[in-house]
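This report concerns only the one structure given below.
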Amino acid sequence: MATVKGSAAARAADPALEAVGSARLLAMYRIMVLSRALDERMWIVQRQGKVPFVITAQGQEAAQVGAAMALRPGHDVVLPYYRDMTLMLALGMTPKELMLNVFSRAEDPNSGGRQMPAHFSLPRLRVLTGSSPVGTQIPHAAGAALASRLRGEDSVTFCSFGEGATSTGDFHEGVNFAAVLRLPVIFFCQNNRYAISVPQRRQMAVESVAARAAAYGIPGVSVDGQDPVAVFQAVTEAVERARAGGGPTLVEALTYRYVPHTSDDDDRLYRSPSEVEQSRRRDPIPLMRQRLMEAGLWDDEQERALQEEVARTVDEATAYAEQAPPPDPATVMRHVFAERPAAG
Amino acid sequence: MATVKGSAAARAADPALEAVGSARLLAMYRIMVLSRALDERMWIVQRQGKVPFVITAQGQEAAQVGAAMALRPGHDVVLPYYRDMTLMLALGMTPKELMLNVFSRAEDPNSGGRQMPAHFSLPRLRVLTGSSPVGTQIPHAAGAALASRLRGEDSVTFCSFGEGATSTGDFHEGVNFAAVLRLPVIFFCQNNRYAISVPQRRQMAVESVAARAAAYGIPGVSVDGQDPVAVFQAVTEAVERARAGGGPTLVEALTYRYVPHTSDDDDRLYRSPSEVEQSRRRDPIPLMRQRLMEAGLWDDEQERALQEEVARTVDEATAYAEQAPPPDPATVMRHVFAERPAAG
Amino acid sequence: MAVKRMIEAIREALDEEMARDSRVIVLGEDVGVKGGVFVATRGLLEKYGPDRVIDTPLSESAIVGVAIGAAMNGLRPVAEIQFADFIHPAMDQIVNEAARIRYRSNGAWGCPLVVRAPYGAGIRGGLYHSQSVESFFAHVPGLKVVIPATPADAKGLLKAAIRDEDPVIFLEPKRAYRLIQGEVPDGDWVVPIGPARVAREGRHLTAVAYGMMLHLTLQAAEQVAREGISVEVVDLRTLAPLDRETILGSVRKTGRLMIVHEDNRTLGMGAEIAALAAEEALYDLDAPVRRVTMPDVPATPFAAVLEDAVLPDVDRIARAMRELARE
Amino acid sequence: MAVKRMIEAIREALDEEMARDSRVIVLGEDVGVKGGVFVATRGLLEKYGPDRVIDTPLSESAIVGVAIGAAMNGLRPVAEIQFADFIHPAMDQIVNEAARIRYRSNGAWGCPLVVRAPYGAGIRGGLYHSQSVESFFAHVPGLKVVIPATPADAKGLLKAAIRDEDPVIFLEPKRAYRLIQGEVPDGDWVVPIGPARVAREGRHLTAVAYGMMLHLTLQAAEQVAREGISVEVVDLRTLAPLDRETILGSVRKTGRLMIVHEDNRTLGMGAEIAALAAEEALYDLDAPVRRVTMPDVPATPFAAVLEDAVLPDVDRIARAMRELARE
Ligand SMILES: Cc1ncc(C[n+]2csc(CCOP(=O)(O)OP(=O)(O)O)c2C)c(N)n1
Ligand SMILES: Cc1ncc(C[n+]2csc(CCOP(=O)(O)OP(=O)(O)O)c2C)c(N)n1
Ligand SMILES: [Mg+2]
Ligand SMILES: [Mg+2]
């Protein structure tokens, strides 16, 4: 499946595709498909009563994969939020790890079952541990970037959140701090138009989250979050600026959430099925597939093979996680404080 | 002293003066002079060891008097900050009340000696009680405006703070809230270039606080804070917009503080005497005097009379406050909760 | 008198107070169109309109701060914090502002405000949807802290809180929302803030509890009653100001005291109640005081086995009762 | 060994740790150019440069939040909150983030962070420059809370806090900054976090105190010693985790316990210590426990007569000692 084909002419007709490169385009597509399949399975196991709770990414895959591809995994520091499973996959978290997380297993690398699913943490990818309170990771991102810069690393820090988070004091204080110190941070807002039930117009009196950047003297960009290529390009530009010492950027990806906020939410209370349906017409996965096919980079055969592979991967990850042991209650008092005394 | 004179021709040469009206101009000037004299006296009684602490307004009188004159005292709701003694005078707090406050007397109408000086509160002027933590009054202002509007009042809410306060989470959350609900609030920032020792460029990466308004979809205006007429006009416009249902405005008055942050501060640690000297060349009081004289609205005779009157007022207020009794320690447990049970 | 769930009792209290007093408004995240994530405010937007039922931006400090400004300017706001776990960003507004407004203005201004928040564990909410935050606020002079355990108290105390002249932190045991049903008197049912309630009379020991733990404590008392141990159970209801007399009266009678809460042990409410006994009833105590609480871990972990390992349950409470009775 | 003021000891600790470990940075309002409003950080900017001594915007939540991010990413930040009274906006970052980072990541991440803040009354600071905030934090698992009373402890404990792998809330009794002088050992003087210190041995009663109140308690002990009352004074130093053994050991010896703090009474540290005694040393107690504290008012009012009316002083402490000894 690593073969890259397609006519140069077709790709040239879509210059964005050309700029990004076929290998990356195909990788983006494969991750989006995998993410969607895992995501759908999560809702299934939740409805089956096998896990109590899920919170997922459906509809926002393109925004996340486009952003992740602009980063150097394991080199750049990442502060995701609970909707970022596609981002995590793209960075290198495995499907098995994601499913271990959903099943709250001892082996879950994010928290060993201590946190709700989708509260990510993974040292090998420099993914810092996150919490549920919205927006708190934004000052952390500034601090992480400060530390990297102080050590002379050329890594950037990537921080992800929803448009609702931009109303918090921590968004303001964190972005302002990063702007004043010109820290190498990418503030990445996935504007899916709702914070649970609250629509964007009740969240802010501006049309675009990117407009908030003006308050901090930093660039603010708004891109189509259903187009992973556009997101990749916008985030790449922000990353390059940050690496070059040009300070932070606020990137807004306009997107939509296809599922309820969480498995506890009933989204019919605040948005119409037709609105969701309407939005699904720009589902990033079929859009991308079509684009790849038009560019001659993908065909039905490859699609079938991918679907099979993905189904197998999801099955395996789910089966593994389902049978994996839960955390040991004897460990519940551990890690309140460091276990070994400081080196002194 | 209420006579208003001066040639129409001279006033016409300064159209701003003409627009504001002579009576108001003279009132502005008189309040600034009175405020400065009271302010200087406060520092004297502090240095004499008669009071432990002062925090005052020198340099910012024009900004404050210009803003106050745009309001309807006792009708509009006001949330000042600790630097607003000129604003309070202009609204109608008496010199005696200000001095009782500085001496922390039982009769101090702001807190009966419970709070540091300059933490204002005065129900008859709808001045809500304020605290020391910077920025907390900003959400209060949104709430007060919400209450006024719900009752169908046409009052606006005026909220004052320094440029340092605009870095707080509460600034962001409060202004955003007011913007989303289009509440009748005037957010008035006195940008005196320092938050204690921290200069504006370490506080924000924008040239002007007014730029912050873009994040909220509300108008942001920057005016010369040493010109009370310009401030009056900018705030009047904002008040009119608010009363007409047009929502909040962020008004920035560019100004400078001539004295240390408080009597505990040594400002030579962070700014040069020459910078302060430089800034004093635009002292709003001589500027205004000259302007009034050029417009034929003021002469040396009036000036002498005013200075005498002001000196007498300050002396009387100080003498009164100095001999006034301190709070009764027996009252110290009162007002933790309401004293009479709720009406039910 | 009708049997209701706690969540219904809360909704009724809000509805009745909004109908009764046009100064009452409700504000918070998702309280309007969605009717609240626990549906406590469902129907209010339709009935009282968007000026009085306000879906706010995601800004806890502003939710409380705006409510404070509105309260000073004549309204009676009921601010909802979606989960008590998210109340910390509003700490400054609650502690430095709401609690001190009357005191600092020497009585000139008041702050009649209610902050409602679902709190507590046992719903598989993990570290950030399970917290007990009561002792932060019970420590702060100028705040009243109320935690109802029954639908009748939920309704009556919430109505009293809304009518109170001072800020009230009203914490709702969310595990009890649907689980706990009970009779709620008809009419304008108001329960005064202040008095605790002896929920079960007993002779051998006093168990003080509140919120969801009250119910587990009553079950444990029932269990040990079969073994001849007679437990007096005090439902605190108002945590601040504390009803010292009811607690001390019971302790003086039984000579034995235990406190049960799901907040962690150190400086939880149990500390203050044990201290009260050590100061005011030392000579009446026949055995050391006991606290049955969450251990000192940062709220409950998510996985069921982990949460069950830390959260007090009927067995643990009953065991403590037996040990205390025998001591 | 040289005699130093507490503020000098703190400055030295910061200086030495910055020199020793390039991961240590200092950030806060006015800490750079001005050297801090209490001059605790004076000279550090010149010595270590603006990358390691950072004058921040007026944003307490970001000061702590940025420090947390930097700590997770390998630094050892020392965040200054200008006055403890302004720590509340950072409550969420401290309680929900710093305290839970290790626990929630199952040990994968740590948060070696110090939050320094001058606290306490007696400087005519009024409601917002006098607060005691220790019991908020001592309640929270995952945080260490340290309050030195002497220059030697200030230096040694601050150095230990900076080297600690976990978040430490380091509260400095600001009234003691210049008032309290004492010998500070030369060299790399580190005092471990954890153990309390018996500051004065005695037989008749145990008085537990910390911060500025330690000094008033020692003076009161001296006063009543002349009347034949022998007071053992325990300087808590570390409030969390609590040194239960030292407290209990002293109480078991003397049979009488009082706690002195300037924080208000309800759910102040005294509550936890009294509870500890009621649980673990009840049979050793010969008299009811006593708390000498600020009454339950919202911090100290500004006017001298009002502050003096609420703040514990030597006379009040000595009176309580006499009463307790006689009981
Ligand atoms: C501080 C805080 N307040 C409230 C909540 C409850 N809550 C969880 S997610 C959410 C909405 C977030 O919306 P947004 O930032 O747009 O992200 P999205 O879920 O839409 O991706 C809310 C209100 C929370 N987790 N934290
Ligand atoms: C939340 C908070 N943090 C810190 C302080 C200490 N402090 C008092 S005033 C001040 C500077 C405020 O600057 P600015 O808002 O520009 O007002 P100015 O004093 O210059 O008029 C600081 C840091 C405080 N009072 N509140
Ligand atoms: Mg959203
Ligand atoms: Mg300023």
Side-chain angles (χ1 to χ4, degrees), chain B residues 77 79 106 108-115 119 121-123 126 128-133 135-151 153 155 157 159 168-170 172-181 183 327 331 334-344, chain C residues 22-23 25 27 50-52 54-75 77 79 89-90 92-93 95-97 99-113 141-144 159-160 162-167 188 190 192-193 241:
Chain B
V77 178
L79 296 99
D108 160 30
N110 298 284
S111 76
R114 290 179 168 201
Q115 289 222 73
H119 288 57
S121 163
L122 204 60
R126 298 189 88 176
L128 305 187
T129 171
S131 63
S132 310
T136 50
Q137 76 277 27
I138 298 171
H140 300 178
L146 185 118
S148 293
R149 186 173 71 182
L150 191 66
R151 281 191 299 263
E153 292 173 14
S155 65
T157 295
C159 179
T168 63
D170 271 7
H172 180 66
E173 295 195 3
V175 176
N176 188 56
F177 199 108
V180 169
L181 272 73
L183 295 170
T331 63
R334 289 186 60 187
H335 306 305
V336 176
F337 292 113
E339 305 206 326
R340 278 172 310 170
Chain C
S22 63
R23 297 171 305 170
I25 63 165
L27 72 167
D51 285 346
R52 292 181 64 201
I54 303 168
D55 269 327
T56 68
L58 207 166
S59 314
E60 278 75 12
S61 188
I63 291 170
V64 176
V66 164
I68 290 169
M72 282 198 273
N73 193 17
L75 298 189
D92 193 43
Q93 285 291 347
V95 172
N96 264 337
E97 300 297 323
R100 293 178 159 94
I101 278 172
R102 188 178 299 282
Y103 192 79
R104 79 185 185 213
S105 66
N106 209 18
W109 292 104
C111 186
L113 157 71
L143 296 180
K144 300 184 180 178
K159 287 170 70 100
I162 293 170
R163 298 180 195 185
D164 202 278
E165 297 296 324
D166 290 303
D188 189 29
V190 180
I193 292 178

Which one wins on heavy-atom pair count under 4.5 Å against chain B: C:L143, C:I63, C:V190? C:L143

Counting heavy-atom pairs under 4.5 Å to chain B, which of C:R102, C:K159, C:M72, C:R104 comes out on top? C:R104

Among [options], which residue forms the greatest number of heavy-atom pairs with chain C at distances under 4.5 Å?
options: B:G130, B:G169, B:G174, B:G143; answer: B:G143
options: B:R126, B:R334, B:Q115, B:H140; answer: B:H140
options: B:G112, B:P123, B:A142; answer: B:P123

What distance separates B:S111 OG from C:R100 CZ, expressed to the nearest 0.5 Å? 14.0 Å

Rounded to the nearest 0.5 angstrom, the CD1-CG distance for C:I101 and B:L128 is 8.5 Å

Ignoring hydrogens and angles, tell me if any N or O in the side chain of B:N110 forms a donor-acceptor pair with the backbone of B:S121 under 3.5 Å. yes

Check whether B:R114 reaches the backbone of C:S105 with its side chain - one donor and one acceptor, N or O, closer than 3.5 Å. no

After noting the C-alpha distance and the side-chain angles of C:D92 and C:S61, does the key distance pass the side-chain hydrogen bond (donor to acceptor under 3.5 Å, both in side chains) rule? CA-CA 8 Å; C:D92 193 43; C:S61 188; over 6 Å; no

Start with the C-alpha distance between C:I25 and B:L146, add both sets of side-chain angles, then the distance that settles side-chain contact (heavy atoms from CB on, under 4.5 Å), and finish with yes or no. CA-CA 10 Å; C:I25 63 165; B:L146 185 118; 3.5 Å; yes

Counting only heavy atoms closer than 4.5 Å, note whether [X] contacts chain C via side chain, backbone, both or neither.
X: B:S148; answer: both
X: B:V336; answer: both
X: B:L181; answer: side chain
X: B:L150; answer: side chain

Quick one: what part of [X] sits under 4.5 Å from any heavy atom of chain B, side chain, backbone, both or neither?
X: C:D51; value: both
X: C:K144; value: both
X: C:A67; value: neither

List the steps and the verdict of side-chain contact (heavy atoms from CB on, under 4.5 Å) for B:L183 and B:R149. CA-CA 8 Å; B:L183 295 170; B:R149 186 173 71 182; 3.4 Å; yes

Quick one: do B:S131 and C:N96 satisfy side-chain contact (heavy atoms from CB on, under 4.5 Å)? Show the steps, please. CA-CA 8 Å; B:S131 63; C:N96 264 337; 5.7 Å; no

